[in-house]
Asks: 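Take a look at the following structure, please.
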Amino acid sequence: SPVALPPFFMRGSIIQLADGELKRVEDLKTEDFIQSAEISSELKIDSSTVERIDSGQSPNAVVIQFSVGELKAQVCVEVLLEYPFFVFGQGWSSCCPDRTTQLFELSCAKLCVGDVCVSLTLRSLR
Amino acid sequence: VPVFPWHSLVPFLAPTQSD
């Protein structure tokens with residue numbers, strides 16, 4: 001059976017930003033991620049561009065290929081159709097926004113090839 | 001009410017291992 005989605009995508013979930021501010025998941029903006037990453041000692045924000053979206057191993061899964069960061073590292077992730085990603089300047093987006101809205105009451109746009117998602121990498125240790 | 005850290009919302013993108 002498919003892996004359950006984490007509970008924090010449910011509308012109304014309380015998210016703590018890096019500066020301690022609390023926001024609901026549906027109210028998060030691109031700047032919240034950028035500012036939180038700026039003051040994080042461990043995490044660095046990166047942009048991941050959606051290059052391909054293919055069917056996954058099960059009917060309710062998709063394989064999303066991203067091009068990550070300046071080096072354009074190719075990364076594939078298999079997630080449930082309703083898994084939301086945060087797109088720069090747009091907000092939550094999933095491959096099946098209707099399902100995300102139905103399951104999590106989280107308004108979503110359709111995730112498309114070319115969308116640039118917020119992703120995180122570890123800051124390199126010196 | 002549970003409070004979740006902001007970074008839990010963003011998937012860490014690590015290279016996929018071949019099966």
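FYI, side chains are in, hydrogens and waters are out, and symmetry mates aren't considered; it's all heavy atoms of this structure.
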Asks: Go through A:Pro7, A:Ala73, A:Ala18, A:Cys117 and name the one with the most non-hydrogen pairs under 4.5 angstrom from chain B.
Replies: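 Most pairs with chain B among the choices: A:Ala18.
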Asks: B:Trp6 versus A:Leu43: any side-chain heavy-atom pair under 4.5 Å?
Replies: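 Of all side-chain heavy-atom pairs linking A:Leu43 with B:Trp6, at least one is under 4.5 Å.
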Asks: Going hydrophobic residue to hydrophobic residue with side-chain gaps under 4.5 angstrom, can you get from A:Leu81 over to A:Val63?
Replies: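 Not linked; separate clusters.
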Asks: Please test A:Phe33 against B:Val10 for side chain to side chain contact (heavy atoms under 4.5 Å, CB included), starting from the C-alpha separation and ending with a verdict.
Replies: CA-CA 9 Å; A:Phe33 290 97; B:Val10 185; 3.5 Å; yes
Asks: Who in residues 23-32 of chain A is close to chain B, using a strict under-4.5 Å heavy-atom cut-off?
Replies: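 The stretch touches chain B at A:Val25, A:Leu28.
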Asks: With A:Phe8, which residues qualify under ring pair (Phe, Tyr, Trp, His ring centres under 6.0 Å), at least two apart?
Replies: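 Applying ring pair (Phe, Tyr, Trp, His ring centres under 6.0 Å) to A:Phe8 gives B:Phe4.
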Asks: Evaluate whether atom CD of A:Glu21 has more than 12 neighbouring non-hydrogen atoms of other residues, nucleotides or ligands under 6.0 angstrom away.
Replies: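 Yes.
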Asks: Using 0.5 Å steps for rounding, measure from the NE2 atom of B:His7 to the OG atom of A:Ser36.
Replies: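 Separation between the atoms: 9.0 Å.
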Asks: For chain B, which residues from residues 90-108 of chain A have at least one heavy atom closer than 4.5 Å to it?
Replies: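 Residues A:Trp92 are the ones that qualify, each having a heavy atom under 4.5 Å from chain B.
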Asks: Kindly give the cluster partners of A:Leu22, where membership spreads through any ILVMFWY side chain lying under 4.5 Å from a current member.
Replies: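 A:Ile14, B:Val1, B:Val3, listed by chain and number.
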Asks: Are A:Leu122 and A:Val68 connected in a single hydrophobic cluster, I mean Ile/Leu/Val/Met/Phe/Trp/Tyr linked by side-chain heavy atoms less than 4.5 Å apart?
Replies: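 As far as the 4.5 Å side-chain criterion goes, A:Leu122 and A:Val68 are connected within one cluster.
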